[in-house]
Amino acid sequence: MIMSRIEAPRDGDTAPAETPSAEILIEALLAGLPAGAVLTDPDVTASYAHDMASFCPAGAPAAVVLPRTVEEVQHVLRTATALRVPVVPQGARTGLSGAANASDGCIVLSLTKMDRILEISPVDRIAVVEPGVVNAVLSRAVEEHGLYYPPDPSSWETCTIGGNIGTASGGLCCVKYGVTAEYVLGLEVVLADGRLMSTGRRTAKGVAGYDLTRLFVGSEGSLGIVVRAVLGLRPKPPRQLVLAAEFATAADACDAVCSIMAGGHVPSLLEMMDRTTVKAVNDFARMGLPESTEALLLAAFDTPEPAADLAAVGALCEAAGATGVVVADDAAESELLLQARRMSLVALEAVKGTTMIDDVCVPRSKLGAMLEGVERIAAKYDLTIGLCAHAGDGNTHPTVCFDALDEDESRRARESFDEIMALGLELGGTITGEHGVGVLKKEWLARELGPVGLEMQRAVKDVFDPLGILNPGKLF
């Protein structure tokens with residue numbers, strides 16, 4: 001259960017004037033942790049240094065700690081505060097912004113061993129989980145109770161709930177069901193000084209005080225360490241059926257998206273893949289997708305009788321210029337199409353060996369302008385940029401493919417990435433819809449927020465982390 005208490009800091013938590021030696025740090029950690037929970041071998045700790053983002057520097061951690069209990073996390077934070085050592089929290093390191101990257105001399109706090117599902121309540125429609133629970137594991141567990149946990153990032157088979165909360169992850173279902181933040185009802189958080197705080201609720205409603213739960217969602221471990229979460233669940237919907245529509249131009253596909261949303265339809269997903277992405281998926285997995293198309297739109301409904309919805313959306317696609325519309329015969333064929341979409345980013349990485357994956361989100365009405373702009377940027381820098389998108393909510397994933405060993409191509413990749421973010425802001429969008437800021441987008445966060453907004457964000461950080469030890473160098 002979420003605890004309704006805040007523990008007082010222990011006496012004597014004072015800091016030394018200088019950075020402690022590695023020996024002092026390890027000795028202090030081992031005073032409250034089992035030996036197997038503290039990793040110090042440089043060859044091992046190096047494997048925890050970074051997530052999956054490109055162009056994001058990472059340091060060498062002094063130690064990697066793998067706690068199994070809340071008390072062990074508290075001990076780590078008390079030690080870090082006493083010795084003024086930075087702490088970098090991590091999940092499965094599937095992130096794409098460098099938010100989990102280590103800094104030199106830090107404690108990497110890997111929460112993957114805290115992987116228990118503590119409670120599933122069909123009556124209250126909640127699950128209480130530890131941060132290391134894998135998204136897909138939770139989804140399958142609640143399904144056995146006739147329930148549904150909607151957030152489904154593409155890495156859902158490996159990413160953890162704690163990581164999803166830290167970056168406010170999205171997924172394919174967001175157009176109907178929303179993002180992670182909408183399902184986090186309450187949290188237990190270990191603060192920088194080791195105190196344990198509870199936020200939020202287990203109830204269906206609740207407006208007591210400031211919404212600190214939402215403050216922690218998307219904070220990338222910079223305000224505290226999430227050790228338990230109360231997650232809202234929904235009744236399990238029927239299996240969705242998917243429609244695939246081919247278009248001769250990306251602009252036509254974007255027009256179809258606008259028509260679908262303006263028409264009041266509520267698809268369970270509305271996804272887009274451009275020609276480059278379709279070809280990459282076919283080359284990577286021999287999926288048999290139609291490479292003659294300039295854009296492939298996938299729409300799905302999980303209503304009890306989806307046929308009428310699919311027919312209406314199919315008609316709107318044809319009116320927008322679709323050259324072909326096909327409805328999957330059953331749930332198995334639908335899942336095959338969704339697997340093709342989920343593997344888009346992996347397939348694009350195989351094109352050149354390295355990718356920079358953007359996640360600029362724009363108003364749906366500007367989706368066509370965003371795609372046209374990305375095409376111009378790809379031509380300007382002579383690069384392959386594939387684009388897949390959660391089209392129903394305007395969240396685009398322009399993916400720059402490049403050879404990391406080619407210095408000039410790497411430079412052009414980085415410059416094109418920045419131009420894509422600038423384009424998103426010009427269109428009234430945001431620099432990140434679901435991947436977070438981390439290291440990769442710090443400069444762009446400042447541009448989006450403006451000086452006053454940035455000042456207020458830093459002030460919030462100072463309240464929760466006055467020593468600046470929690471995930472330093474991220475966000476700001």
Review point. Is there side-chain contact between Met261 and Val175, with heavy atoms separated by less than 4.5 Å?
Key: yes

**Study point:** Distance-only donor-acceptor check, side chains Glu434 and His397, under 3.5 Å
**Key:** yes

Check your understanding: Got a sec: does the NZ of Lys113 have more than 12 other heavy atoms crowding it under 6.0 Å?
Key -> no

Revision key, fill the gap. The side chain to side chain donor-acceptor pair (under 3.5 Å) partner of Lys279 among Thr277, Asn282, Asp283, Thr276 is Asp283

Point to revise | CD/Glu375: more than 12 non-hydrogen atoms of other groups inside 6.0 Å | key: no

Review point. Distance-only, no hydrogens or angles: does the Glu318 side chain make a donor-acceptor pair with backbone N or O of Ala315 under 3.5 Å?
Key: no

Check your understanding: Under 3.5 Å, side chain of Thr396 to main-chain N/O of Ala389, donor-acceptor pair present?
Key -> no

Practice item. Could you tell me whether the side chain of Glu220 and the main chain of Val437 form a donor-acceptor pair under 3.5 Å? Key: yes

Check your understanding: Is it true that atom CZ of Arg239 has more than 12 heavy atoms of other residues, nucleotides or ligands lying nearer than 6.0 Å?
Key -> no

Practice item. Determine, for Glu119 against Arg228, whether the closest basic-nitrogen to carboxylate-oxygen distance falls under 4.0 angstrom. Key: no

Point to revise | Residues, nucleotides or ligands: over 12 heavy atoms within 6.0 Å of Arg414 CZ | key: yes

Review point. Residues in ring-ring contact (aromatic ring centres under 6.0 Å, His included) with Tyr48, at least two apart?
Key: none

Exercise for review: Can you establish whether the number of heavy atoms outside Lys176 located under 6.0 Å from its atom NZ is more than 12?
Suggested key: yes

